[in-house]
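Numbers here are sequence positions counted from 1.
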Amino acid sequence: KYSRRTPITLRIASLETSIGHPVHVSGKNRIMPQHSMLRLDTIPGEIIDVICDELGKKDLKTLRLSNKRISSVATTHLAKAYMFNLCSLMTRRSLEKLAEICAHPDFGPHVRKVHLSSGRVHPREMRALIERVEDMQRRIPPPTSAQVKRAKAKMQDAMNRSSKEYELETSGDAVTLLAQAFASLRGYQTPVILDISDFEVPRWDPVTLFLDKYNHFHGEPELCFKSTMEPCLEAIFHTKMRFAELELTVDAFSIDPDERGFDTQEMNPEDLELLSSLNSISFDLVNTFDEAGTRSAGHVLSYARSLESLTYRQGCDDLDATEWPPLHQPQSITNRQFEIADTILSSVKSTGLKSLWLEYTPISFQTLVDLLEKHADTLTSLYMSSVCLRDGSWAEVFSKIKKSCRFVIELDTGSLSQARSELREDDYQPLALPKEWTLDPSSGRSEVEESLDKLTNAPSLEVLNMIERRELAQGQDIPELGS
């Protein structure tokens, strides 16, 4: 099997040799019988497909410069392999390239995901880079000239990206450029994912095409979620684009209060109906949303009436009980954090949810039970990990799942906890279920029922309190080393 970077000429040379070109044997030039020379443009299409399957992006781009037939095959392979996921910054250059690729008759139909970065270069990062260069020059022994050049190049890249982001923001052209891209995608009637996040996609990602050389910023990007999400929604409304999936990820807490979320309350309900095409939604780390962002996330869910898959991660990472050291008191959960999940998840209006994934989330008993019972006849896959339940008990939750959700064939639970009200009115302390209640993932109805039989006996909050007091007492009885 040839490697991905094997030059085409080696393949063709081997073919030419086999049909009669000079071959050196024992220092003598022996001529094989002459036949007609095999040309690249006469190779069967199946062979060209095999060759293209083994080529990387650079070689495919080179092959596109050959004749029309070969170029067509190479272009198709290039589109399938490298135009699947387009990653764009909120800069004019990035959005213009996004619109250009989406409008391309060969590339556009193969686009399946548009990833827009809501991260920006913040002035504090510029200061940090400048200070880093200054500190480097004061170092003893002094840095090499190559190290100084690299540091200055990083600083210059950050300045360039920051200025381009500011230029687009002040021009107000983001909606126009996004609308050009979305209008092209709408014409192909292919399923496309809209992904908005502030984290940087890894440079080595095999299916991502980066549209700007400044995609990889050497620092922590500043979250500007509102000024990314709202232009996208406006472009969707202008073009009547119907995305198949929506992924929103907030991986940081914005310094600017105005950027902590987005606002759909004043948007036209007829425009928001375009969100009814969404069959999959992923909300990741919305714990930092403001009131408007929380309401708007719920608003989006309420319009997604074709929703079949919902992933919700609120971002309360401290709920992962597997990371708690012995006798560790995890961070308290506020009433506001429970309200965020309750507001968003109670907004689901779809009646055909098949997959539900909850992680790092505090949730009220009634909200969870209502969600499960509403989709009892369609739910087939359920994942709950690092989830803290307020009111009720996990035994009651799993009893209702066993009774109502008869079609669940995939069940995965772990690191579940129960919320205990603290002396302060708005705070809750999560108490983890013992490890024996973390079961292996179940696949198939019989395994799911077996797991549910065990989980319906999960300890109540009163029992968890007793377990905690016993563990604390045992911990105090352990003598210190050297005593």
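Under a 4.0 Å N-O distance rule, the pair Glu450/Arg445 does not qualify as a salt bridge. The existence of a salt bridge linking Arg92 and Glu167 is confirmed by a sub-4.0 Å separation between a basic side-chain nitrogen and an acidic carboxylate oxygen. Checked for salt-bridge contact, Arg120 and Glu165 miss the test: no charged N lies under 4.0 Å from a carboxylate O. Using a 4.0 Å cut-off between charged side-chain N and carboxylate O, Arg336 and Glu291 make a salt bridge. Using a 4.0 Å cut-off between charged nitrogen and carboxylate oxygen, Lys113 and Glu247 count as a salt-bridge pair. Salt-bridge annotation for Arg295 and Asp263: absent, with no side-chain N of the basic residue lying under 4.0 Å from a carboxylate O of the acidic one.
With ring centers used as reference points, Phe243 lies under 6.0 Å from Phe182.
In this view, Phe365 satisfies the ring pair (Phe, Tyr, Trp, His ring centres under 6.0 Å) rule with no residue, not counting sequence neighbours.
More than 12 heavy atoms of other shown residues, nucleotides or ligands fall within 6.0 angstrom of atom NZ in Lys374. The 12-atom threshold is not exceeded at NZ of Lys80, counting heavy atoms of other residues, nucleotides or ligands nearer than 6.0 Å.
In this structure the side chain of Arg112 never reaches within 4.5 angstrom of the side chain of Ile193, judged on heavy atoms.
Relative to the ring axis of Phe262, Lys226 does not place its NZ or CZ within 45° and under 6.0 Å from the centre.
Side-chain contact annotation: Asp106 with Thr75, donor-acceptor N/O pair under 3.5 Å absent. Asp53 and His77 share a donor-acceptor pair across their side chains, judged by distance under 3.5 Å alone.
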